[in-house]
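All values reported here derive from a predicted model rather than from experimental measurement. Heavy atoms only: backbone and side chains are in, while hydrogens, waters and symmetry mates are out. Position 1 is the first residue of the sequence, and the numbers go up from there.
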Amino acid sequence: MNNEALKAAKQVYEIESECIKNMAEYFDEEAYSKAVELLKNAPRIGVTGCGHSGIICQHFAHLMCCIDQPARFISPAEAVHGATGYLQAGDVCVFASRGGKTKELLPILDICKTKGVHIISVTENLESPLAEMADVVIKQYVNRETDKYNCQGTTSSTSLAVIFHILQTALIEETGFLNEQFAITHPGGAVGERLNKK
């Protein structure tokens with residue numbers, strides 16, 4: 001690497017760790033408590049987002065399944081072609097969009113409202129459609145992306161992942177989820193071997 005590339009690479013540690021540290025200042029106990037309660041009692045959980053947010057949403061759906069909370073990622077492209085049939089009244093759909101105005105997500109909001117699906121939104125923009133139509137809003141904080149143009153979904157992806165990690169961690173406590181349960185659904189790999197070791 002040239003000197004500029006090396007310098008930029010090392011700065012990633014500073015930028016992203018600063019973001020995570022500052023996120024604690026935006027922790028809204030009431031919002032997280034409401035979100036955890038909705039997720040805890042949801043028969044099914046849908047998660048949706050576009051681009052980098054969508055990729056992290058897939059991660060969250062998997063995290064939920066790992067603690068026996070049935071969830072699936074709903075592709076915004078498929079959502080308006082029948083995929084929202086997965087969601088029924090009383091379920092929860094989690095939306096993620098830093099700007100809160102992602103056009104592909106707006107029709108899904110309308111579908112959820114019509115069907116009586118609870119909405120949890122994660123966004124930086126509390127005046128956005130995603131925030132205004134939600135039952136619960138979790139504010140996202142991002143200091144800046146790691147690239148020199150402040151454009152690529154890097155730090156914002158980390159920030160979103162941390163929010164989802166907070167929700168899963170709290171749900172484990174709220175539901176009384178046990179490692180013995182995880183051993184049943186995760187028999188594969190090194191984790192499965194450790195969990196199922198007699």
**Request:** In sequence, state the C-alpha distance, the side-chain angles, and the governing distance for Ile120 and Leu39, and then conclude on side chain to side chain contact (heavy atoms under 4.5 Å, CB included).
**Result:** CA-CA 9 Å; Ile120 298 172; Leu39 292 167; 3.9 Å; yes
**Request:** Could you give me the CA-CA distance, side-chain angles and deciding distance for Gln140 and Ser156, then say whether side-chain hydrogen bond (donor to acceptor under 3.5 Å, both in side chains) is met?
**Result:** CA-CA 8 Å; Gln140 184 177 12; Ser156 54; 5.4 Å; no
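Sequence neighbours left out, not one pair with a member in residues 84-133 passes ring pair (Phe, Tyr, Trp, His ring centres under 6.0 Å). A side-chain hydrogen bond (donor to acceptor under 3.5 Å, both in side chains) check over residues 122-136, counting only residues at least two apart or in different chains, returns the pairs Arg98-Glu124.
The 12-atom threshold is not exceeded at CG of Asn3, counting heavy atoms of other residues, nucleotides or ligands nearer than 6.0 Å. Counting heavy-atom neighbours within 6.0 Å of Lys115 NZ, excluding the residue itself, gives a total above 12. Lys101 NZ: 12 or fewer foreign heavy atoms inside a 6.0 Å radius. Counted within 6.0 Å of NE2 on His186, heavy atoms from surrounding residues, nucleotides or ligands total more than 12; the atom is thus considered enclosed.
Phe60 and Phe164 have parallel rings, their planes meeting at less than 30° on a 0 to 90° scale where 60° marks the start of perpendicular.
Side chains of Ile138 and Leu167 form a contact here, defined as non-hydrogen atoms less than 4.5 Å apart. No side-chain heavy atom of Val80 sits less than 4.5 Å from a side-chain heavy atom of Glu104. Under the 4.5 Å side-chain criterion, counting only non-hydrogen atoms from C-beta, His62 is not in contact with Gln168. For the pair Asn143/Thr155, a side-chain contact is recorded, criterion being any heavy-atom separation below 4.5 Å from C-beta on. Using a 4.5 Å heavy-atom threshold, the side chains of Ile108 and Pro76 count as touching. Residues Lys10 and Leu6 meet the side-chain proximity criterion, which asks for heavy atoms closer than 4.5 Å. Residues Leu87 and Ile74 have side chains in contact (heavy-atom distance under 4.5 Å, counting atoms from C-beta outward).
Between Glu193 and Lys197 no salt bridge is recorded (no basic side-chain N to carboxylate O distance below 4.0 Å).
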